[in-house]
Amino acid sequence: MANRTRPNQILFCVSDDEKRIIKAKMKQLGTKNMGAYLRKMAIDSYIIKVYYTEYRKLAAAINKVGSNINNICRRINSTGHHYQEDVDELKVRLDDIWMKCCEESMSIC
């Protein structure tokens, strides 16, 4: 065993579902050698980390607009009147959402 090209062993445990998924991915790739597959994935694969901070801010801004619209609709339904200040506030909030979208992706502006 001293002449092995890979003398270091890494062991890890997986659940039955994880093992099933790994085997399904190996089958899609057309390989039967799990060691080679796992080594290739660990070395050559890449990890995508998505930062949701901006999306959460955008979702919060959209949520505020939705809440404002609901409040305005309730008021209109109960009184029959709407106020220009409400409409102006909605326009400001919508502009804020538009700007957040433009910051995220210049292609939609």
Side-chain angles (χ1 to χ4, degrees):
M1 294 270 204
N3 295 333
R4 292 182 77 122
T5 58
R6 294 184 179 99
N8 301 309
Q9 187 177 44
I10 298 175
L11 299 173
F12 64 97
C13 299
V14 295
S15 69
D16 291 337
D17 285 340
E18 291 167 334
K19 186 175 182 182
R20 181 185 49 76
I21 292 168
I22 291 169
K23 285 190 173 209
K25 288 185 176 192
M26 287 173 57
K27 187 175 182 179
Q28 285 177 340
L29 192 61
T31 184
K32 294 180 188 214
N33 186 333
M34 188 174 286
Y37 172 78
L38 294 174
R39 195 168 30 257
K40 182 78 172 159
M41 293 303 292
I43 294 170
D44 294 339
S45 187
Y46 57 91
I47 296 171
I48 299 172
K49 182 166 180 154
V50 180
Y51 294 98
Y52 292 103
T53 306
E54 293 303 316
Y55 295 110
R56 286 188 183 115
K57 288 179 187 176
L58 182 60
I62 292 170
N63 216 7
K64 287 178 186 176
V65 171
S67 295
N68 287 347
I69 290 172
N70 285 338
N71 289 334
I72 292 168
C73 289
R74 273 192 226 108
R75 188 178 313 132
I76 290 171
N77 286 334
S78 64
T79 65
H81 297 92
H82 73 281
Y83 300 99
Q84 188 58 41
E85 298 86 32
D86 293 334
V87 175
D88 293 340
E89 183 181 352
L90 284 176
K91 286 180 181 178
V92 168
R93 297 226 186 240
L94 286 171
D95 286 343
D96 183 43
I97 291 170
W98 185 251
M99 292 308 295
K100 286 185 188 330
C101 286
C102 288
E103 289 169 6
E104 194 61 36
S105 172
M106 294 305 289
S107 64
I108 64 172
C109 294

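Annotation: salt bridge (charged side-chain N to carboxylate O under 4.0 Å, His left out) contacts involving residues 56-69, sequence neighbours excluded, comprise Glu54-Lys57. Applying the salt bridge (charged side-chain N to carboxylate O under 4.0 Å, His left out) test to pairs two or more places apart or on separate chains, those with a residue in residues 22-40 are Lys40-Asp44.
Cluster membership for Met26 and Val14, using ILVMFWY side-chain heavy atoms within less than 4.5 angstrom, is shared. Using a 4.5 Å cut-off between side-chain heavy atoms of Ile, Leu, Val, Met, Phe, Trp and Tyr, with links allowed through other members, Tyr51 and Leu58 fall into different hydrophobic clusters. Residues Ile22 and Leu11 do not share a hydrophobic cluster, clusters being chains of Ile/Leu/Val/Met/Phe/Trp/Tyr side chains in contact below 4.5 Å. Following chains of ILVMFWY side-chain contacts shorter than 4.5 Å, one cannot reach Ile97 starting from Val92, and the two form parts of different hydrophobic clusters. In this structure, Ile21 is not a member of the same hydrophobic cluster as Leu29, with clusters built from ILVMFWY side-chain heavy atoms closer than 4.5 Å.
Panel note: side chain Asn63, backbone Ala59; no donor-acceptor pair is recorded below 3.5 Å. In terms of modelled atom types and a separation under 3.5 Å, the side chain of Ser78 and the main chain of Arg75 share a donor-acceptor contact.
For the residue pair Arg74 / Asn71, a side-chain donor-acceptor distance below 3.5 Å is found, with atom types taken as modelled.
In this structure, Arg93 and Asn68 approach most closely via the heavy-atom pair NE-ND2, 3.1 Å. Residues Leu94 and Val65 approach most closely at CD2-CG1, 4.0 Å, considering heavy atoms.
We find the CD-CD1 distance between Glu89 and Ile72 to be 7.0 Å, quoted to the nearest 0.5 Å. Note that CG of Asp88 is 7.0 Å distant from CD of Glu85, once rounded to the nearest 0.5 Å.
Residues forming a side-chain contact (heavy atoms from CB on, under 4.5 Å) with Asp17 (at least two apart in sequence, or on another chain): Ser15, Arg20.
Around atom CG of Asp16, no more than 12 heavy atoms belonging to other residues, nucleotides or ligands sit under 6.0 Å away.
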